[in-house]
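When a ligand or atom number is given, it counts from 1 through the structure's own listing order. Values reported hereafter were calculated over all heavy atoms of this structure, with side chains retained and with hydrogens, waters and symmetry mates removed.
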Amino acid sequence: MKITPVGAALEVTGSSFLLETESERFLVDCGLFQGGPDAEERNREFPFKPKEISAVFLTHAHLDHCGRLPLLQKQGFSGSIYTTAPTRDVAQFILLDAAKLQEEDAERESRKKLRAGETPVLPLYTEQDVVYTLSQFRPVIYEQAFSPAEDLQVTFRQSGHILGSAFLEFRQGDKTVVFSGDLGSPRRNVVPDPALPSTCDLVFCESTYGDRMHKSR
Ligand SMILES: [Zn+2]
């Protein structure tokens with residue numbers, strides 16, 4: 001399996017990994033780039049062909065992990081989006097809200113452009129694109145391995161970050177790769193404690209707060 005980070009490497013937003021097996025291509029997350037002068041431009045282009053992606057595995061519903069799914073769909077992705085049922089439910093609100101904001105921003109920007117005799121701008125995606133995308137979601141159950149492709153097993157495990165969040169274990173042959181998504185801390189009242197990963201060969205771990213200590217709760 002070949003794994004390429006296509007976002008959130010040496011930065012915080014736009015989380016996404018491209019996974020390539022001999023016959024198929026998958027994504028882990030498809031997040032929105034947020035902030036910075038080039039975020040708008042980076043959000044519009046994928047460094048791969050969306051229609052060649054067989055499936056997406058979504059760790060959780062924050063915008064920097066799911067925010068470009070409607071654009072992926074709009075640009076030709078027609079596969080399944082595997083995630084937990086609560087993540088699907090939360091993502092529905094997050095994505096519809098994001099589409100509404102993008103439509104409003106584009107409308108405001110277009111008015112300015114038209115006054116200056118320039119071409120109007122299109123929103124990244126619309127609420128209708130989100131509706132299509134939501135129909136691609138396939139709920140999975142924590143701790144139940146499933147096989148989205150031959151010789152590939154995927155397990156969603158509790159990451160304790162937000163409602164529905166998971167870290168992912170991919171097993172191919174005798175190798176196991178873990179994608180942490182975002183991790184929460186234990187002993188909070190609102191989400192379960194994170195599970196511990198199995199023995200694995202490779203870990204892709206978020207490190208947003210990796211260089212500081214959290215305050216005691
Ligand atoms: Zn998050």
Side-chain angles (χ1 to χ4, degrees), residues 3-19 26-36 39-40 42-43 46 55-73 81-102 124-125 130 133-134 136-143 154-170 177-197 200 203-215 217:
I3 301 167
T4 313
V6 288
L10 303 175
E11 61 183 334
V12 176
T13 63
S15 271
S16 195
F17 291 94
L18 176 65
L19 275 59
F26 303 101
L27 288 185
V28 170
D29 291 342
C30 189
L32 195 74
F33 292 106
Q34 295 166 285
E40 169 80 32
R42 293 176 74 198
N43 277 328
F46 291 104
V56 179
F57 306 94
L58 177 61
T59 60
H60 67 290
H62 278 154
L63 205 58
D64 58 329
H65 289 255
C66 73
R68 285 208 291 169
L69 285 171
L71 187 71
L72 192 75
Q73 175 276 131
I81 300 167
Y82 295 101
T83 194
T84 64
T87 292
R88 178 200 55 194
D89 293 348
V90 179
Q92 174 175 331
F93 293 108
I94 299 265
L95 293 175
L96 283 172
D97 186 55
K100 189 162 168 273
L101 291 175
Q102 283 159 27
L124 203 57
Y125 49 83
V130 173
T133 306
L134 291 170
Q136 292 172 272
F137 277 61
R138 304 281 175 266
V140 300
I141 296 169
Y142 284 115
E143 300 294 337
V154 183
T155 310
F156 278 61
R157 309 196 62 195
Q158 179 60 250
S159 75
H161 174 55
I162 59 167
L163 183 67
S165 66
F167 71 85
L168 311 183
E169 283 186 6
F170 284 72
V177 182
V178 168
F179 294 90
S180 74
D182 286 353
L183 299 169
S185 33
R187 296 180 298 282
R188 293 191 299 165
N189 293 328
V190 285
V191 282
D193 287 1
L196 291 173
C200 52
V203 176
F204 290 88
C205 188
E206 68 118 342
S207 54
T208 311
Y209 301 104
D211 62 348
R212 69 192 98 151
M213 294 298 282
H214 286 302
K215 281 193 192 123
R217 285 172 196 271

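Separation of atoms OH (Tyr125) and CG (Leu71) is listed at 8.0 Å; rounding is to 0.5 Å. In this structure, Ser165 OG and Phe156 CZ are separated by 11.0 Å, a value rounded to the nearest 0.5 Å.
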Atom pairs and distances, side-chain donor-acceptor, residues 12-19, under 3.5 Å, sequence neighbours left out:
unit_1 : atom_1 : unit_2 : atom_2 : d
Thr13  : OG1    : Gln34  : N      : 3.1
Ser16  : OG     : Asp29  : O      : 2.8

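Taking a cut-off of 2.8 Å, the protein N, O or S atoms nearer than that to the Zn ion (ligand 1) are His60 NE2, His62 ND1, His161 NE2, Asp182 OD2.
Within 6.0 Å of CG on Asn189 lie no more than 12 heavy atoms contributed by other residues, nucleotides or ligands.
Arg188 is linked by a side-chain hydrogen bond (donor to acceptor under 3.5 Å, both in side chains) to nothing, counting only residues two or more places apart in sequence or in another chain. Annotation: ring pair (Phe, Tyr, Trp, His ring centres under 6.0 Å) contacts of Tyr82 (sequence neighbours excluded): Phe57, Phe146.
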